[in-house]
**Q** 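First the structure, which I've put down as structure tokens, then a few questions once you've had a look.
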Amino acid sequence: MQSHARAVVIGGGVVGVSVLYHLAKLGWTDSVLIERKELTSGSTWHAAGLLPLFNMSYSVGQMHKYSVGLYPSLEAETGLNVGFSRVSNIRLARTPDRMDEYRYYAGVAETIGVRVDFLTPDQVKAIWPLCEVGDLIGAIQHPDDGYIQPADLTQALARGARTRGASIHRNTTVTAITKLPGGDWRVTTDQGEIICEHVVSASGNFARRTGAMVGLDVPVIPVEHQYIVTEAHPAIQARKAAGLPEMGVLRESDAGYYMREEAGGLLLGPYEKGAPCCYVDGPDPQSEYELFQEDLDRLAPHIEAAMIRVPAFGEVGVKKVYNGAIAYTPDGNPIVGPAWGVKNFWLNEGHSFGVTAAGGAGWQLAHWIVEGEPTVDMLGVDPRRFGAYASRGYLRLKNEEAYAKVFTVHYTDEERTAARPLRRTPCYDRMKALGAVFGSVFGWERPNWFAPPGYQLSETDLDKPDVLLNENHPEPAPGEPIREKWSFRRPNSFDFVGAECCHVSAHVGLQDMSAFAKMEVAGPGAEAWLEALFTNRVPRQVGKLSLTYLLTTRGGVRAEFTVYRDGPELFYLVSAGAMERHDHDYLQKALPADGSVQLRPVTTQYGVLVLAGPRSRDVLSRLTDADLSDAAFPWLTGKTIDVGAAYAKALRVNFIGELGWELHHPIEMQTYIFDQLMAAGADFQIKPFGIRAMDSLRLEKSYKLVGRELSIEYCALESGLGRFVALKKGDFLGRDALLAWRERGFANQAATLEVHGVRDADARGSEPIYLNGELVGRATSGGYGFRVAKSLALAMLRPDLARVGTELEIAILGERYRATVIPESPFDPENLVMKGG
Ligand SMILES: Cc1cc2nc3c(=O)[nH]c(=O)nc-3n(C[C@H](O)[C@H](O)[C@H](O)COP(=O)(O)OP(=O)(O)OC[C@H]3O[C@@H](n4cnc5c(N)ncnc54)[C@H](O)[C@@H]3O)c2cc1C
């Protein structure tokens with residue numbers, strides 16, 4: 001075995017081999033793959049080979065699209081047939097909510113260039129004569145989709161990699177991975193050592209073991225997954241004999257299974273409830289081509305449903321049942337990208353649709369490794385979207401939940417219930433008593449909205465087929481009423497959220513934002529370091545705040561921070577709660593080596609209560625003698641002030657465009673401060689408000705969010721961040737690339753749209769936007785603005801169309817609406833309300 005390599009890939013399943021192939025394709029031909037047994041001997045060999053394009057995540061959608069484009073080309077390149085059967089993929093709908101899901105998805109698919117057709121039940125019957133369609137209300141079809149032979153695909157990728165010079169060592173086990181003083185890795189195997197710059201972990205069911213070699217707690221635990229292959233059926237054989245086309249992959253989402261033809265019979269793969277986690281502490285060291293004991297009882301409800309849908313399925317015997325390990329993460333999407341805390345260690349793990357995702361995941365990861373950035377926004381699969389809270393116990397609960405929910409309706413406002421409430425702020429019980437309906441972000445419980453006392457969904461609301469079939473309400477805790485019903489249209493919380501928005505705008509509101517990610521940056525080098533990293537100027541004076549962005553080396557937007565200068569050499573950084581590990585990891589990896597800057601993560605040390613609304617000053621001034629006037633305490637400044645007997649960093653900033661303060665306080669003082677604010681606010685009608693209200697209020701200010709309007713794919717200037725990008729301050733990360741991008745010209749421009757004629761469904765983000773029928777952009781966010789009484793969308797458009805007054809069309813759940821580009825910040829465009837005046 002060679003002693004040096006540029007990159008070492010651990011794992012010879014389809015995912016690892018695809019990384020090797022793409023690294024070699026990008027010129028890193030001195031890369032090596034190490035496999036402990038034979039290629040595909042992990043999960044890959046027994047996969048059913050389906051290539052579903054369907055996915056609600058932008059990142060995963062892009063990966064799947066790339067794979068389905070790449071795989072058919074491999075035979076011409078390598079001479080190996082990958083067994084790609086482009087038979088199409090049909091997803092059936094029995095309920096209106098399921099159809100809405102398909103309509104929403106079709107919008108997402110259109111914006112990323114994936115073709116989706118809608119079928120009537122009769123059209124389904126014409127393609128799938130063995131399928132009963134009487135109770136269907138429709139279906140979608142991916143004509144480009146189908147299935148493949150996973151082992152043949154892996155071999156073709158392996159040949160493509162080897163032909164370019166990469167090498168593969170089989171029957172070789174990685175036993176240790178050590179960081180050398182110079183920064184290289186030493187990968188120790190049972191056949192010798194390799195020194196390399198980069199290590200990629202693509203070890204499937206061994207992910208946690210491989211991670212542990214470098215001190216990582218990788219959030220992957222597999223779940224058992226079974227599929228059944230039947231004996232041949234005469235009707236299918238007759239179709240073959242008559243030269244009729246294969247009937248394609250059939251998915252009955254409302255019954256939780258997929259089905260396709262297999263060797264003249266049928267293959268049925270259910271996603272059942274109660275499938276257990278497996279290999280919780282990793283497979284046996286000798287494990288190879290391993291299957292588990294079948295458990296048909298668990299599949300019984302799905303088998304019965306399949307027999308009703310396709311009676312032929314019940315007319316033939318079972319030939320074989322495959323029960324294998326399928327890797328899972330808490331949200332069901334893979335983790336593809338850099339590991340946190342260690343440089344040049346990459347993860348490509350947790351793949352539950354790994355055959356489908358392998359091509360795209362290998363492609364993007366190779367770009368990330370070789371060029372330092374992926375070319376597609378990969379936030380949806382970034383390994384750092386989970387934090388240290390994702391313990392082994394958490395993973396067991398969440399991964400089983402993710403598996404069981406593969407086929408449930410994926411509402412945009414869905415909140416899953418397993419492993420909750422896990423991280424609670426001290427005011428959790430108080431918020432709950434006030435009617436909070438919680439959501440979960442990064443393990444934290446956060447009020448989404450507030451239900452009035454005694455509110456619960458009525459029997460009529462609950463007694464609908466959608467509710468029963470699609471579990472479109474969160475499972476209530478024992479003894480609690482059901483208060484929420486998700487929908488792609490306006491949900492039952494709509495009016496309550498509207499009331500919260502109007503209340504905070506008329507009076508005063510209190511919000512728990514303790515989940516914010518927080519970090520202290522200290523030391524003599526802190527100012528210069530932040531200045532060289534961020535787009536905006538670092539506040540010069542103690543007590544000043546600035547909003548700033550961390551760019552990619554290409555000029556896209558990676559992260560957003562509020563920077564508060566808390567001392568001559570002390571900065572307090574706040575960013576989105578869900579991005580904690582992601583944001584902090586970038587800062588930590590960029591630290592200067594000379595020790596002049598120290599980072600202290602303080603997320604769990606500080607709680608944050610947002611006090612906002614026209615009477616917020618009146619409330620706060622009852623608890624402090626600090627001068628809260630606009631003159632003494634202007635917008636974008638902060639001070640440590642008394643709040644009764646407690647204290648807080650009061651920051652004059654918020655995300656909703658109202659007068660107000662974020663009170664960052666020692667977390668152990670939170671309930672005291674909460675009680676003081678509620679008591680002092682009683683005379684001013686203080687009420688709590690939640691994240692959904694905040695989202696509506698921020699839309700009315702055209703405030704942008706990372707992962708929506710802000711992305712590595714959009715230049716910071718395209719996203720309308722010009723006023724936060726101090727081009728004149730000197731060099732900062734991404735500045736040259738930003739200027740070069742501006743020189744090349746922009747393909748997009750951020751805009752705010754008013755959507756006309758909406759009755760029951762506002763935009764949510766990801767809807768296609770048209771001019772004269774031609775796709776010219778996509779919504780990035782959307783919703784109803786209660787202060788301005790308008791349905792709104794934020795969008796990225798072709799730049800020439802982003803002028804105020806341009807008339808466009810937007811498709812919301814398949815219906816076209818007129819949309820007009822309006823000026824930014826439809827609420828209080830002069831910022832008089834929040835800045836005072
Ligand atoms: C029943 C079933 C049906 C499925 N059907 C589909 C489907 O239709 N479509 C789809 O897209 N997906 C499907 N999947 C999922 C798919 O099988 C996986 O997502 C995919 O195979 C994962 O590939 P991988 O390369 O990540 O992992 P694996 O194939 O498990 O490869 C990991 C490799 O790493 C090696 N390794 C681990 N540790 C070390 C070490 N220390 N040193 C050296 N080598 C090491 C292992 O030996 C193994 O070969 C199915 C899964 C199951 C269980």
Side-chain angles (χ1 to χ4, degrees), residues 8-20 33-53 55 60 63-64 67-68 71 89 145-151 153-154 157 168-177 187-191 199-213 220 222-229 249 258 260 267 269-271 275 278-279 282-283 285-292 294 321-328 334-336 347-359 361-362 403 406:
V8 169
V9 180
I10 305 171
V14 66
V15 171
V17 177
S18 172
V19 179
L20 188 75
L33 183 142
I34 297 177
E35 165 54 48
R36 41 185 279 288
K37 299 286 181 185
E38 291 295 337
L39 296 185
T40 77
S41 65
S43 275
T44 298
W45 72 278
H46 58 51
L50 306 175
L51 300 175
L53 280 163
N55 199 286
V60 178
M63 293 193 316
H64 287 192
S67 298
V68 171
Y71 296 164
N89 179 349
D145 195 320
Y147 63 93
I148 200 161
Q149 299 306 325
L153 167 66
T154 311
L157 289 165
I168 296 179
H169 298 276
R170 294 176 291 120
N171 299 308
T172 306
T173 302
V174 172
T175 54
I177 309 165
V187 178
T188 309
T189 77
D190 55 1
Q191 309 289 326
V199 174
V200 181
S201 175
S203 53
N205 304 316
F206 292 78
R208 287 173 70 71
R209 277 213 201 131
T210 315
M213 293 183 196
V220 172
V223 178
E224 286 186 21
H225 176 54
Q226 311 182 71
Y227 65 83
I228 301 167
V229 180
V249 180
Y258 56 78
R260 69 167 168 86
L267 181 157
Y271 278 85
C278 54
Y279 295 148
Q286 295 315 317
S287 145
E288 183 181 15
Y289 300 110
E290 190 167 27
L291 290 177
F292 306 122
E294 66 203 49
V321 180
Y322 291 81
N323 183 8
I326 189 161
Y328 259 84
I335 52 176
V336 185
L347 295 162
N348 200 351
E349 300 282 15
H351 283 276
S352 53
F353 289 96
V355 178
T356 320
Y403 175 88
V406 162

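Remember, it's 1-based here, ligands and their atoms both numbered in the order they're listed. Quick note: numbers below take in every heavy atom, side chains included, and nothing from hydrogens, waters or symmetry partners. Note that this is a predicted model, so its numbers are computed, not measured.
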**Q** Quick one: look at P52 and ligand 1, take heavy-atom pairs under 4.0 Å, and tell me if it's side chain, backbone, both or neither.
**A** neither
**Q** Once you restrict to heavy atoms under 4.0 Å, what part of T172 touches ligand 1? Side chain, backbone, both or neither.
**A** backbone
**Q** Would you kindly specify which portion of F206 sits under 4.0 Å from ligand 1, judged on non-hydrogen atoms: side chain, backbone, both or neither?
**A** side chain
**Q** When the ring centroid of H225 is compared with that of Y271, is the distance short of 6.0 Å?
**A** yes
**Q** Applying a 4.0 Å heavy-atom criterion (strictly less than), which segment of A325 is in contact with ligand 1: side chain, backbone, both, or neither?
**A** backbone
**Q** Determine whether the side chain, the backbone, both or neither of W45 has a heavy atom under 4.0 Å from any heavy atom of ligand 1.
**A**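 For W45, there is no contact with ligand 1 at all, from either part.
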**Q** Which option, L50, V223, V355, owns the non-hydrogen atom nearest atom 9 (N) of ligand 1?
**A**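 Residue with the shortest heavy-atom distance to the ligand atom: L50.
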**Q** Taking C-beta and beyond as the side chain, do V17 and T44 meet within less than 4.5 Å on heavy atoms?
**A** no
**Q** For atom 43 (C) of ligand 1, which of the options H169, R36, Q226 provides the nearest non-hydrogen atom?
**A**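 When every heavy atom of H169, R36, Q226 is considered, R36 comes closest to atom 43 (C) of ligand 1.
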**Q** So, the side chain of D145 versus the backbone of L53: is there a donor-acceptor pair under 3.5 Å, distance only?
**A** yes
**Q** With a 4.0 Å cut-off on heavy atoms, is G49 in contact with ligand 1?
**A**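 G49: in contact with ligand 1 (<4.0 Å).
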**Q** Y227 near ligand 1, heavy-atom distance under 4.0 Å?
**A** yes
**Q** Report the part of A357 in contact with ligand 1, treating N, CA, C, O as backbone and CB onward as side chain, heavy atoms under 4.0 Å; options are side chain, backbone, both, neither.
**A**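 Contact part for A357 vs ligand 1: neither.
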**Q** Taking side chain to side chain donor-acceptor pair (under 3.5 Å) as the criterion, tell me which of R208, R209, E290 meets it with Y279.
**A**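 Single pass found, and it is E290.
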